[in-house]
Structure formats: C-alpha cells, structure tokens
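Following: one structure in structure tokens, then a few remarks.
Protein chains get the first letters and strands the later ones, always in sequence-line order, with residue 1 at the start of each. As the structure is a prediction and not an experimental result, all values here were calculated from the model.
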Number of protein chains: 2
Amino acid sequence: MRVSVVANPIGLIFGETFLMSSPENILRSKIGQLVPMPEEDWQLIAPFITIRILKKGELFAAEGKVGKDLGLILKGTMRHFYTKDGEEKTTYFYFENAFTGPYLSCITGQPSQLSFEALCEVQIIVFPYRKLAEAFDRSKHWERFGRLLAEWALKGVEERMAGLLMLSPEERYIELLNSNKRKILERIPQHLVANYLGITPVSLSRIRNRVMQK
Amino acid sequence: MRVSVVANPIGLIFGETFLMSSPENILRSKIGQLVPMPEEDWQLIAPFITIRILKKGELFAAEGKVGKDLGLILKGTMRHFYTKDGEEKTTYFYFENAFTGPYLSCITGQPSQLSFEALCEVQIIVFPYRKLAEAFDRSKHWERFGRLLAEWALKGVEERMAGLLMLSPEERYIELLNSNKRKILERIPQHLVANYLGITPVSLSRIRNRVMQK
DNA sequence: TCAAAACGATAACAAAAGATAAGAAATCAG
DNA sequence: CTGATTTCTTATCTTTTGTTATCGTTTTGA
C-alpha cells in the first residue's frame, strides 16, 4: 500500500495535514476499526477494490439477483427497499461511511429480496463478496472481520426490531427524533421515512403535527 | 471424545441403534451442521459444557446482567422478553434444538436488556461464552462458527423485521399460521403470541375471530 | 380439594391508522 | 421564468387497534 502525505479537502481542515485518504485507505481504515489487518491479508482484497459513481435513482443491486458486490459509501445517501404489491417499501437508509449492499443475499446465495438505490449522486467503494469469502478461508483476520460485521449488523437489526415491537408509531418517531439517526429526518423524503417507521406518509404527517404541539 | 454405542430412547426409534446422543454429542453435531469441528478444536469447549434443568418460570439469564452463558435447548420451550413500564414484552420463543441465551449481551459486554425464561421444565446444554470467545482466538473453526452463527441469526431477524414493516398485524398472524413457526401458536399462551406479533392480546383475539370466519 | 391466579373471549368506547382526494409548497427541467 | 413533478399537509371517511372492564374457564399451587 502506498501512503502519501498530501493536502486534501479533508486533511486541510484546521490547517492540519493528514495522511492522504485515498479510497483504499478509507476502506482499510474503516475495516481496521473492527479488526487489525496486516498488509499481507489486506492484499487479498485490495486488488479488487473499485470506485463507482451512482447517479440519483441508479440501482447498486436489484431484487431477484444474487448479490455480488458490497460497498462502502464515500459520499451520498442510499436506501434499500422491498417491493410488495407493486409498491416499494423502504426499510433502511445508508449514509456516508456505511457499508451497504445485498449482504444477506451474498451470505445465503439466494436472490435478493431487496433493491439498493442511490438517493442522490453516490460515490462508493465496491468490492466483490466472492473475494471476501475467499479471504475468509485464507485469513483469520478476514474471518474475524466477517464475524464482527455480522455481529454488528445483528446488533443494529435487533435494536430496530425491539423498537418496532415495543413502541407505537408515534413513540418510534419521537425516538428517531432523539437518536443519532436524526439525520434520516433531515435528508430523506417523508414518504420514505414513513416506510422506515412502518406507517403511511399521511400518518407520519399527522404524528409530526401531534408531536410538534407538545 | 468418547463415542459409545448404546440403546437410548431416541436411538431405539424403529428399532435402530444409533451412536449414543449424549448431550455433548448433540451439541457437537449441531455445531457440526454449521462448520467442521476437529477433535482438537472441539476440546476447547467440550470440558466446559454442563447440563442444566430449568423449572417452569426459572430465568436462564436476567435483564441488567452481562450475559455469561449460552445454551442449546434439549427439551422444552423458552421465551425472551423486555421489560417496559413494568410490563413484560415477549418478542421471541425458543424450542428444542435451538440456541438460546443473551447472545447480544455476550457480544457487546453490555448488560442484557432481555430476560430468558423457561416456559416449562427445560433441559439445556450450557456453555460459557467466555470460552467460546477464547476459542475464537485459538481456532479458525470456532471463529468461523462464530461468523456463521451471527449470520444465521441476522438472517432470521431480518426476515422477522421485514414482516413487521411490510405486513399488517392480521397479515402477520396469517403468515404465522402458514409458517413452520405454527408451533408457536400451539404451545404458547396467547398473550405472549400477541406480544410476538406486536399487538395486544385483545386485538389478537379479534384477529383470530376475523380470520376464522374466512 | 379448593381458593387464587392465569387465560381467553367479548363488549363498549376512545384513539389512532389506513385510504383517498384535494390543494399548497418546494423542486426541477427546459 | 414557467410548467411539470415531487413533496407535504389537510380533510373526510372507514377500518383497525388500544384500553378497560366483565365474565366464564382452565390451570396452578398450597
């Protein structure tokens, strides 16, 4: 891995100079947050990393296809959605610095029930799951990364599900307001937020009204 | 591992003789379904396995405590529940042959928000998560088991959540009727099923009525 | 065995959510 | 700038759910 010291828009904040954050370094650093990753192991994935630019509305992965690639979002916002009775149901959003893609489909090898769509122009680091799976076999560090990633995802989904089972729609909205996911409310069209909360857009509008008056 | 050929209540079904299914073998075979586990690796956990009998109503793990043990149910049914406003909210059931226990708390090291309770007399194979975590460090097979376990759990929770977001309470009840989780309806008190579906017992009673008439 | 507790069905009412339609406000494309 | 589209609110009506309470029945435990 080449490491160069340059000024970049991020590095120059407050006049400091950082190690250059190339896409490769960003991904590596993100992964390094979970597990140490020696150079040799890193090279199992590094050669297969690419950068993709998605236009607004473009799909990163589509329903019915077996997942191939995962990604780390550098810039922009994405959503995933199910299709039911011809209607799209958005159940998750992805922001900068988040892993995204048809993880479950990659794991199971079954066609994805989810589609992944860019909500604006999105810049994303892409790597093939197949190579990750190979790395699981060849490197205990990658195997551990795989475990921690799954555990981390599990933790998130469990928390979300507890909210759906224990809280009313209004309570869920209030909790969203008070959470660090508040940015969902700021950047995302309301009918998608409604889907996320498991209610209709009209109902969300009413809830907002009720909550506002308190 | 000692393997003895004996007649046992399970082994004698249809007059055949199986390898004895000692608790240890049952656990090993269950784990072997996910990942091959050589004897040497197996011995990282085997010495720490115990059997526990839980009386009806007894807790296997309690809210507020950091998770220590996980288990595999040999016989009986368990539930896990949150406590909210002094009310218990049951959100999952465990049957024979299922892993159970405060998995998330074990992973995170945070106090569990969940309690695990025996719904009848329960026979359960218990092993300390601490030893499993040590095995992660020492054995790639165990590390892989950890990954697959987390992925498997993730898959289950994701499917459940999709149902909560996409289906109405009535649809969820009908889906439960038509699923292989139907046994939930047969063995479990109705107010707990209602919790599981994210509705009140009264509402479930009405839904049953509506659905019955169709 | 017997009293207490748990469980389930049902009724009545209030509160909330879904469906639909109409219209205001913001955004976007040409 | 303007017309079209998207987004959000509001209103009405219907359906569903929540809440509370009552009443048998079953289960439990002493």
Side-chain angles (χ1 to χ4, degrees), chain A residues 55-58 76-77 79 81-82 84-91 93 117-121 163-177 183-214, chain B residues 54-58 76-77 79 81 84-91 93 117-122 163-177 184-214:
Chain A
K55 285 183 195 137
K56 177 174 176 175
E58 193 174 347
T77 309
R79 65 167 179 140
F81 60 93
Y82 295 82
K84 189 205 170 193
D85 309 329
E87 294 254 303
E88 295 178 359
K89 294 277 187 178
T90 299
T91 61
F93 303 102
E117 185 195 74
L119 287 172
C120 55
E121 180 165 303
L164 288 170
L165 286 168
M166 313 239 311
L167 305 178
S168 68
E170 179 167 330
E171 288 173 314
R172 293 205 288 275
Y173 172 74
I174 290 169
E175 185 162 280
L176 185 60
L177 265 183
K183 57 185 169 186
I184 288 179
L185 297 172
E186 293 161 6
R187 289 212 230 167
I188 305 281
Q190 200 148 318
H191 66 281
L192 299 184
V193 176
N195 276 172
Y196 179 82
L197 291 171
I199 55 179
T200 61
V202 179
S203 190
L204 176 55
S205 180
R206 280 186 296 227
I207 288 173
R208 281 163 61 94
N209 228 317
R210 277 207 302 272
V211 172
M212 205 105 82
Q213 291 176 356
K214 294 174 189 170
Chain B
L54 304 171
K55 287 188 194 129
K56 177 173 178 176
E58 194 175 345
T77 309
R79 65 167 179 141
F81 60 93
K84 189 204 171 194
D85 308 329
E87 294 254 303
E88 295 178 359
K89 294 279 187 178
T90 299
T91 61
F93 304 102
E117 186 196 73
L119 288 172
C120 53
E121 180 165 303
V122 165
L164 288 171
L165 286 168
M166 312 239 311
L167 304 178
S168 69
E170 180 168 330
E171 288 172 313
R172 294 204 288 276
Y173 172 74
I174 291 170
E175 184 162 282
L176 184 60
L177 265 184
I184 288 180
L185 297 172
E186 294 161 5
R187 287 213 234 167
I188 306 280
Q190 199 150 320
H191 67 280
L192 300 184
V193 175
N195 277 171
Y196 179 81
L197 291 170
I199 56 179
T200 62
V202 179
S203 190
L204 176 56
S205 180
R206 278 186 299 228
I207 287 173
R208 280 164 61 94
N209 231 317
R210 276 208 302 273
V211 171
M212 206 105 83
Q213 291 177 354
K214 295 175 187 171

*asked:* As an exercise, state the distance from CG of Leu177(B) to CD1 of Ile184(B), rounded to the nearest 0.5 Å.
replied: 11.5 Å

*Could you tell me the separation between the OG atom of Ser203(B) and the CZ atom of Arg208(B), rounded to the nearest 0.5 Å?*
12.5 Å

*Just wondering, more than 12 heavy atoms not from Glu58(B) lying within 6.0 Å of its CD?*
yes

_dT10(C) OP1/OP2 closer than 4.0 Å to side-chain N/O of Asn209(B)_ = yes

_Distance in Å, Ile199(B) CD1 paired with Leu165(A) CG, rounded so as to fall on 0.5 Å steps_ = 11.0 Å

_Rounded distance [0.5 Å steps], OH in Tyr196(B) versus CG in Leu176(B)_ = 6.0 Å

_Distance (rounded to the nearest 0.5 Å) between Thr90(B) OG1 and Leu119(B) CG_ = 7.5 Å

*asked:* Does Lys56(A), at its NZ atom, have more than 12 non-hydrogen atoms belonging to other residues, nucleotides or ligands within less than 6.0 Å?
replied: no

_From CD of Glu171(A) over to P of dA17(C), roughly how many Å is that when rounded to an integer?_
10 Å

*Given axes from five pairs at either end, by how many degrees does the helix from dT1(C)-dA30(D) to dG30(C)-dC1(D) bend, rounded to 10°?*
60°

*Let me have a per-nucleotide readout for nucleotides 13-30 of chain D, 5' to 3', with B, S or -, counting only protein heavy atoms under 4.0 Å.*
----BBBB-------S--

*For Glu88(A) and dT7(D), what is the distance between atoms CD and C1' respectively, to the nearest whole Å?*
16 Å

*Within this structure, what is the CG-to-C1' distance between Leu119(A) and dT7(D), rounded to whole angstrom?*
14 Å

*So how far is it from Tyr173(A) OH to Leu197(A) CG, rounded to the nearest 0.5 Å?*
9.0 Å

*What is the distance, rounded to the nearest whole Å, between atom CZ of Arg208(A) and atom P of dT10(D)?*
10 Å

*Please answer whether the main-chain N or O of Met166(B) pairs with a side-chain N or O of Lys84(A) as donor and acceptor at a distance below 3.5 Å.*
yes

*Should Gln190(B) be listed as having a side-chain N or O under 4.0 Å from OP1 or OP2 of dA9(C)?*
yes

*asked:* I want to verify a distance call: between dA9(C), dT7(D), dC7(C), whose nearest atom is closest to the His191(A) side chain?
replied: dT7(D)

*Which whole-number value in Å describes the distance from Arg187(A) CZ to dC8(D) P?*
15 Å

*Spacing of Leu197(A) atom CG relative to dA17(C) atom P, expressed in whole Å*: 11 Å

